[in-house]
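Contents: one structure, followed by commentary.
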Protein chains: 2
Amino acid sequence: MADRANDNITADDVARVAGVSRWTVNRAFKKDASISAATRARVMEAAGQLGYAPDLLAASLASDRSNLVALLVDDFANPHKLVMMERLTRILRQHGWDTLLVNTLDRNDATVALMNASQRRVDAAVLIGVNFDDQELETALGARRIRKLIVFARFSANPNTISICCDDRAAMLQMTDHVIGKGYRRPLFLAGPQTLSAHLMRKETFLARWQAATGTIAAFTSVARYDPTLAYATVTTHLTGLSADRRPDVIVCENDALAMGAIDAIRYEFGLRTPDDIAVTGFDDVPQTTSPNYRLTTYRQPLTAMVEGLVSVLKGETESADLSLFQGRMVIRDSA
Amino acid sequence: MADRANDNITADDVARVAGVSRWTVNRAFKKDASISAATRARVMEAAGQLGYAPDLLAASLASDRSNLVALLVDDFANPHKLVMMERLTRILRQHGWDTLLVNTLDRNDATVALMNASQRRVDAAVLIGVNFDDQELETALGARRIRKLIVFARFSANPNTISICCDDRAAMLQMTDHVIGKGYRRPLFLAGPQTLSAHLMRKETFLARWQAATGTIAAFTSVARYDPTLAYATVTTHLTGLSADRRPDVIVCENDALAMGAIDAIRYEFGLRTPDDIAVTGFDDVPQTTSPNYRLTTYRQPLTAMVEGLVSVLKGETESADLSLFQGRMVIRDSA
DNA sequence: GAAAATTATGCACCCGCGTGCAAGCGGACT
DNA sequence: AGTCCGCTTGCACGCGGGTGCATAATTTTC
């Protein structure tokens, strides 16, 4: 390591060089501060020369605003998380926030991790977990100093949280109608884990719409985790022993991870084809679904708009309405 | 939002309740501090009652140790990143470090983002990017206050960095020998982008070993990004027009992302089978490769051990040797 | 051209905790 | 009983900057 450690250049040093007071130096670094263009230029010149940059730690301590957001993730198996992280970190950064990545996979660690985040005075905690249960929500809520608890990409009925998600109901209605319109008649809904606080209404929406539209009752089953391997196993179990005229002709999945497992099972366990023998739909539009192995018909959430909604919440300029009704769009490929 | 905001419980408040001085309160929260068991208990009791937790911002400011690590990621397309993030965040947390996720996808933002991280006094910056080029390295190095720059899962020749990775050469030799042993004779090496500072020696190793062992020269080509779609296109171009006796019988890929694209191309563009017509190998063992679509023969890096190596570097107890010679193991499935 | 209205700059005090050292306390030993 | 020693506890000062207001430097106004 070369000469890294010329630390300790503080605003005072810059002030000395620029011939102003320390406060003027800090003003120079603050947007729309009351300072003349000339002095600011002089300060910046000195700062650049010394390699000075304001210390965010000290700033956070003094101002009680950290510009830090904790991102709680409890599922690293779904590639969609990667997409969300990319979008979140990029856009948050553009608006001045940094992201603390908190792994809450292990329940025990989760409490500690969350506690830790709160001790760093994060401005908000954003949950993009899908497996999180009510207990995790409570833990998060219990943590002091977490000013805002935001559930992202999932609806939460908990009054202590702000949930930013797309209009799941509308999305699922659209998907259901598409499936019905395609002429499928024996559906199977493949749901993920069922939790209380932050629940997706996809299954309920699908079942209700299906019955209303066709007069028949749709079958469903659920998987304990959003894991393609588990979906594979569940679908295999479900289809085994069913004769061709009794097995489903379409499997509507709660998300792409499940859908990919389902397609694999259909193809490799039963030698059937998608969509000819059994069609499949997903949700999320993860990059992998474009592979010719899947060509999945799915639904894309308006992530960018949602993250911008998040930013407005962070800035405190939200009207708190319409944050759970973002409209995405269906992506129709070959799987259904 | 309910009653979140009973902030401002400081060590002083606890001290008052416990009937000790503020310093004693902080001692109680510090491992192996000089304090009697009795007082500590009394302090903790009071703290629990008040819901007090030390402020890490203030602590970092005062102690000049943030227990924060910046994780720089410039590729959110490869699912392997998700695996690494999970492992890194979990193990770092166990050792007391939090992780700042920095998106350096966009070169322009990267500088700002990195600057920002340094302003938070991160103890180290860890690069798990694969596309990062020399300029990015330089930017990182230029950032003040970044005490340690660590290149993770990739070898870096830059003397100002510490690189923690597996013994790529040994791994590739093993893979090459496996491929040779299987009897393949017309290989194609599919490499990723070629950068200078942090280069994988996989291609060189493969080509050299192949020639030494068989006396023939192996073909190779490269892809501009570690993206299955690009790999698909490149492989398609490469194979188009080749008669069966002139096309490769095995494609050795620099990582799984490329391998998956290759397999898709082989199957869907040419109607060929893997491994019967063209075998394929990858590197990383990402979860997706276990899908029956791929059943990829690949190489698994010892991530946990590597992260523990990282921790020891952070703790400053590393011998600085052996950090780039971790031994992983081949995972032989059906693709080769 | 002087008073009023702006805009610039400086400053005291605070954010919450860490560091190193000095003071307090009790027991063992001569 | 007095002294030395080791373990606890208290404290002054500092980490680097933010806030609100007072003061100084300009500019505007009539």
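Every chain is numbered from 1 and lettered A, B, ... according to where its sequence line falls, protein lines coming before strand lines.
- Atom-to-atom, CD of A:Gln119 to C1' of C:dC17 comes out at 12 Å; the value is rounded to the nearest Å.
- Residue B:Arg40 is classed as having no contact, given no heavy-atom separation below 4.0 Å to the nucleic acid.
- Shown here for A:Ile9 and A:Asp13, the closest heavy-atom pair between the two residues is CA-OD2, 3.2 Å.
- The distance between atom CD1 of B:Ile35 and atom C1' of D:dG6, rounded to the nearest whole Å, is 17 Å.
- For the pair A:Asn67 CG and D:dG17 P, the interatomic distance rounds to 15 Å; values are reported in whole Å.
- Out of C:dT9, C:dC17, D:dG16, the shortest distance to the side chain of B:Arg121 is found at D:dG16.
- Here B:Arg121 pairs with B:Asp64 in a salt bridge; the nearest charged N to carboxylate O distance falls below 4.0 Å.
- Summarising the geometry of B:Ile164 relative to B:Met306, their closest heavy-atom pair is CG2-O, 3.6 Å, with the distance given to 0.1 Å.
- Residue A:Arg27 places a side-chain atom within donor-acceptor reach of the base of C:dG10, judged by atom type and a 3.5 Å distance cut-off alone.
- Rounding to whole angstrom units, CZ of residue B:Phe29 and P of C:dG18 are separated by 11 Å.
- Closest contact between the side chain of B:Lys30 and the listed nucleotides C:dT9, C:dT19, D:dT8 involves C:dT19.
- The residue among B:Ser63 and B:Gly19 whose nearest nucleotide of DNA chain D is located toward the 5' end is B:Gly19.
- With distances taken from any side-chain atom of A:Pro54 to the nucleotides C:dC17, D:dG17, D:dT8, the minimum falls on D:dG17.
- The nearest whole Å value for the distance from the CG atom in A:Asp55 to the P atom in D:dG17 is 6 Å.
- Between the CG atom of B:Asp12 and the P atom of C:dC17 there is a distance of 8 Å, rounded to whole Å.
- Heavy atoms of B:Leu61 sit under 4.0 angstrom from at least one base atom.
- Below the 3.5 angstrom threshold, one finds no donor paired with an acceptor across the side chain of B:Trp23 and the base of D:dT8.
- Salt bridge annotation for B:Arg120-A:Asp98: present, with a cationic side-chain nitrogen under 4.0 angstrom from a carboxylate oxygen.
- Counting only heavy atoms from C-beta on, A:Ser21 has its side chain closest to C:dG10 among C:dG10, C:dT19, C:dT9.
- As rounded to whole Å, 13 Å separates atom P of C:dC17 from atom CG of A:Leu57.
- A:Leu56 has its CG atom 10 Å from the P atom of D:dG17, to the nearest Å.
- Residues A:Asn103 and B:Thr89 bring a donor and an acceptor atom of their side chains to less than 3.5 Å of each other.
- With D:dT9, D:dG18, C:dC17 as the choices, the nucleotide that has an atom nearest any side-chain atom of B:Arg22 turns out to be C:dC17.
- Neither side chain, A:Arg65 nor A:Ser60, offers a donor N or O lying under 3.5 Å from an acceptor on the other.
- Counting only heavy atoms from C-beta on, A:Val20 has its side chain closest to C:dG10 among C:dC17, C:dG10, D:dC15.
- Comparing B:Arg42 and B:Ala58 against DNA chain D, the residue whose closest nucleotide sits nearer the 5' end is B:Arg42.
- When the side-chain nitrogen and oxygen atoms of B:Arg120 are compared with OP1 and OP2 of D:dG16, none of them lie within a distance under 4.0 Å.
- For B:Thr39, the listed nucleotide lying nearest its side chain is D:dT9; candidates were D:dG10, D:dG18, D:dT9.
- Of the listed nucleotides (D:dT9, C:dG16, D:dG16), C:dG16 has the atom at the smallest distance from the side chain of B:Thr10.
- Contact annotation for A:Ser34: base contact, defined as any heavy-atom pair under 4.0 Å involving a base atom.
- Closest to the B:Ala62 side chain, of the nucleotides C:dC11, D:dG14, D:dA12, is D:dG14.
- A pairwise comparison of heavy atoms in A:Leu82 and B:Pro79 identifies CD2-CA, 3.9 Å as the closest pair.
- Distances shorter than 4.0 Å separate some side-chain N or O of A:Thr24 from OP1 or OP2 on C:dG10.
- Between D:dC11, C:dG18, D:dT8, one nucleotide has an atom nearer to the side chain of B:Asn26 than all others, and that is C:dG18.
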